[in-house]
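Here is the structure we will look at, set down as C-alpha cells.
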Amino acid sequence: MTESLYSTADAAATSLAHTSDLNYVTPFLPYLLTATDDGIVVINIKGEIFFVNYRAKTLLGWRADCQLIQSYWSKLPQTQEAFSTFVLHYAHQSPAQYELTVDDSEGRERVISLQFAQQEMFFLVMVKDLTEQKQSAELLYDLSQFDCLTRLANRSTFQECLHKAVVRGQHWQRKLALLLIDLDRFKNINDTLGHSIGDELLQQVAVRLQQCVRRGDTVARLGGDEFAVILENIYDQNDAALVADKIISGLGQPFELQGRQLFVSASIGITVMDSLHADTETMIKQADIAMYRVKDQGKNHYQFYDSNMSALAEYRIHLETSLYRALHEHQLLLHYQPQVDVQTGDIIGLEALIRWQHPQEGIIGPNTFIPLLEETGLIMPVGEWALYSACAQRQQWYQQRNLPPYTSISVNLSVRQLLSGNIVHTVKKVLSVTGLAPQLLDLEITESMLMEDIKFAIQELGHLKKLGVSISMDDFGTGYSSLSYLKKLPIDTVKIDRSFIEDLPNDVDAASIVRAIIGLAHSLGLNVIAEGVENERALAFLKSLGCDYCQGYLFSPPLVADELLIKFNKLKHQAFIESSLSTFHHYHPTFLQHS
Ligand SMILES: Nc1nc2c(ncn2[C@@H]2O[C@H](COP(=O)(O)O[C@H]3[C@@H](O)[C@H](n4cnc5c(=O)[nH]c(N)nc54)O[C@@H]3COP(=O)(O)O)[C@@H](O)[C@H]2O)c(=O)[nH]1
C-alpha cells in the first residue's frame, strides 16, 4: 500500500519535472513573494513602483505601503542613483547588478545589491542583503592581514610592508632599518603564570612598541614573542639606536597584569640598509643574526648587524650539524674529576664532565657546545646520556672493586633538563636501570638556572631530594649570589666558583668572600666544595677556613675513565696529591715559576 502511494507521488513529481507550465507555480506566487529572503520590487522605466514585498521594505527602510512608495523612492538618492545608473549603463544587459549601502527600517547600516531584470517597460529589482557576507569577507581579510591577539600586522603583512618600504626607499634613495625584537624568557612567564597572562602581556607589549615609533613606521608580530619594527626614511644608525633605546626602556617599565606586576626585557637585532642595496630576505636574516647575538651575550640589549656576525652564524650552523653527527657517531664522552676531602685527602666523589672528541678538531670543551645543545633541545638526549653513562660507569667501577663504596658521582644538569618537567622521571629511570643507590648521585645545578623559574625549579629539586639524591649549587658566587635565598633551597652542597679560589690566599677580597660563604653554608648545614684548587697554599688556606671538600688540578684534571682508574689505583691519599702536583705542572708548566 505504502509502496503504491510512493510510486504515485514519484510519478507525479516526474511528470511535473518535465513540464514547463508556470501555471502550477502561479497560485503560490503571493506566498513566495512574502516568504523569500530577498526583497522584490517591480518598477517601470520612469521609476514608478508597482510592487514591493515586505523584505524589500525592511531592507530599504520603507515603512510605508505600496501607494506611498513612489514618494519614498524619490527621497532615497542612493537608490534613485542606482536606478538611474542602471537605466543609463546597464539597461541593455540582463540581469544587471548594483551594490550600495542603505539604512534598513531599524536604522542599521546594510550593504545590499540591486539586481535588475527587464521585461519590456518593467523591471524586476531583486534586493539582496550582502551585509553578513561582506562582514565575513572583511573578517577573513582582517585575519589574513593582522595578528588577532595584538591587532598588529602579521608575518605576511610584515613581509609585504618590508618589500614596499624597500621599494619606496630605493625610489627616494633613503635608508631603512629593521628591528627584530624577542622577549627574554617569555616562555617561562607563559608556562608559570599561564597563557592568559602571557597573551595579555603580548597585547601590552604591542601597545608599548607602537608608542615607541612614528605613525608611518610598521610594527608587526611575527609569531610567539617575536616582534618586528620597520623604520623608513632614517638618516643613519643613530636613528635606529634611538628607537631601540626607547623600546628597551619602554618595555623595562613594569607591566600590570591581572593584579600582578611583571618585568620583562627584550633582545633586539638591528640591520640598517641603504635601500639601493636592500632586499627583504637579507634584511631579515641580518637582523635575526644580530638578535641571536644579543641573546648569546646576556639579552636585554640591542645590537647592529655586522658582517663578522655572519661568519659566526655560519660557524654555529656548522657546529650544529657536526653536533648532530657527533651524537650519532658517539663522539661525546665523559671525563671524570675527583673531589677530595680537605682534611683526610680521601676521594669522596667524582664529577662527570662532558667532552666532544671531534674527528678533526680534537677534544672540544663543553663551554663551546653546551649552549648550542641547550638552544637546539639536543641537551635533553645528551643530558640523559651523560646521566646514564656516569651512573653506569660509577657502578661498573664499584662492582669491579675499583672504588670505595661511598664514592659519589656528580652530574651537571642543564636548565632545560631541570625545567623540562621530566627530570624526576629520568633520574628515577637511570637509577633503576644502573642500580646506583640514590645517595651516591649528586646533581649539580647553577644559580642562574634557578632564576629562570625559581618556583618550579625548587619544586623539582624537592622531588629529586625525595628520591634520595643530593643537590649541589655549582659556580656559587658568580650569579645572583643571594645568600639569603640559600636557606630556601633544597640543596646539600655549595660549590664555590673557581674565580674566588684561583688567587687565594693573596686576594683579600676573594678570601673574605670565601670565608663568608663557608661560614654561611655551614650555619645552614650545607657542605662546601672549593672548585679550581690549583696550589697547596690555596688548599692550606681553605683547610684553615674549614672548607669540606676541594676539586681542582692540584689533585687531578678531569680524565677519561681508564686514565682516572690507573691514577686512582696507583695512588692513595697524600701520595695521590703529590702525584697530582706533577700532573698539574705538566698541564700548567708556568705554575712552578709562580709558586
Ligand atoms: N649540562 C651539562 N653541563 C656540563 C656537562 N659537563 C660539563 N658541563 C658544564 O661545562 C662547564 C665547564 O666544564 P669544563 O670545561 O669541563 O670545566 C670543568 C673543569 O675542567 C674545570 N676545572 C676543574 N678544576 C680546575 C682547575 O683547577 N683550574 C681550572 N682552570 N679549571 C678547572 O672547571 C669545570 C668544573 O666544572 P663545574 O664544577 O661543573 O663548574 C661546567 O662548569 C659545567 O657547567 C654535562 O654533562 N652537562
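Each ligand, and each atom within it, is numbered from 1 in the order the structure gives.
When heavy-atom distances to ligand 1 are checked against a 4.0 Å cut-off, Ile370 comes that close only through its side chain, counted from C-beta outward. In Arg498, the part holding a heavy atom less than 4.0 Å from any atom of ligand 1 is the side chain. In Glu444, the part holding a heavy atom less than 4.0 Å from any atom of ligand 1 is the side chain. With a 4.0 Å heavy-atom cut-off, ligand 1 is reached by the side chain of Pro558 but not by its N, CA, C or O. Residue contacts with ligand 1, taken as heavy atom pairs separated by less than 4.0 Å, involve Asp474 solely via side-chain atoms from C-beta onward. When non-hydrogen atoms are compared, ligand 1 lies under 4.0 Å from the side chain of Asp475 (C-beta onward) but not from its backbone. If you look at Asn367 next to ligand 1, the close heavy atoms, those under 4.0 Å, all belong to the side chain.
Using modelled atom types and a 3.5 Å distance limit, the side chains of Glu351 and Asn412 yield a donor-acceptor pair.
Residue Ser414 approaches ligand 1 through these ligand atoms, each under 4.0 Å from one of its heavy atoms: 1 (N). The distance from ligand 1 to the heavy atoms of Gly532 drops below 4.0 Å at these ligand atoms: 25 (C), 26 (C), 27 (O). Interface of Arg355 with ligand 1, defined as ligand atoms under 4.0 Å from a residue heavy atom, comprises 14 (P), 16 (O), 20 (O). Taking every heavy atom of Lys495 and a limit of under 4.0 angstrom, the matching atoms of ligand 1 come to 38 (O).
Ring geometry, Phe369 versus Trp356: the interplanar angle exceeds 60°, so the pair is classed perpendicular (tilted spans 30 to 60°).
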CA sep, side-chain torsions, deciding dist, call: His335, Leu333, side chain to side chain contact (heavy atoms under 4.5 Å, CB included): CA-CA 7 Å; His335 279 190; Leu333 73 155; 4.0 Å; yes
Under the side chain to side chain contact (heavy atoms under 4.5 Å, CB included) rule, what do Leu373 and Ser414 come out as? Steps first, then yes or no, please. CA-CA 10 Å; Leu373 288 177; Ser414 84; over 6 Å; no
Test Asp184 against Val264 for side chain to side chain contact (heavy atoms under 4.5 Å, CB included), laying out the working first. CA-CA 7 Å; Asp184 301 328; Val264 292; over 6 Å; no
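Looking at Arg416, its side chain never comes within 3.5 Å of a backbone N or O of Gly383 through a donor-acceptor pair.
Backbone and side-chain nitrogen or oxygen atoms of Ile379 are examined, and none is located within less than 3.5 angstrom of a nitrogen or oxygen of ligand 1.
The residues Glu200 and Arg260 are annotated as not salt-bridged, no charged nitrogen and carboxylate oxygen being separated by less than 4.0 angstrom.
When each of Asn527, Val494, Val528 is paired with His522, the side chain to side chain contact (heavy atoms under 4.5 Å, CB included) condition holds for Val528 and for no other. Partner of Arg221 under the side chain to side chain contact (heavy atoms under 4.5 Å, CB included) criterion, out of Ile181, Leu149, Leu209: Leu149 alone.
Comparing Gln417, Gln337, Gln339, Glu534 by heavy-atom distance to atom 29 (C) of ligand 1, the nearest is Glu534. Of the candidates Asn412, Leu413, Ile354, Asn412 brings a heavy atom nearest to atom 43 (C) of ligand 1.
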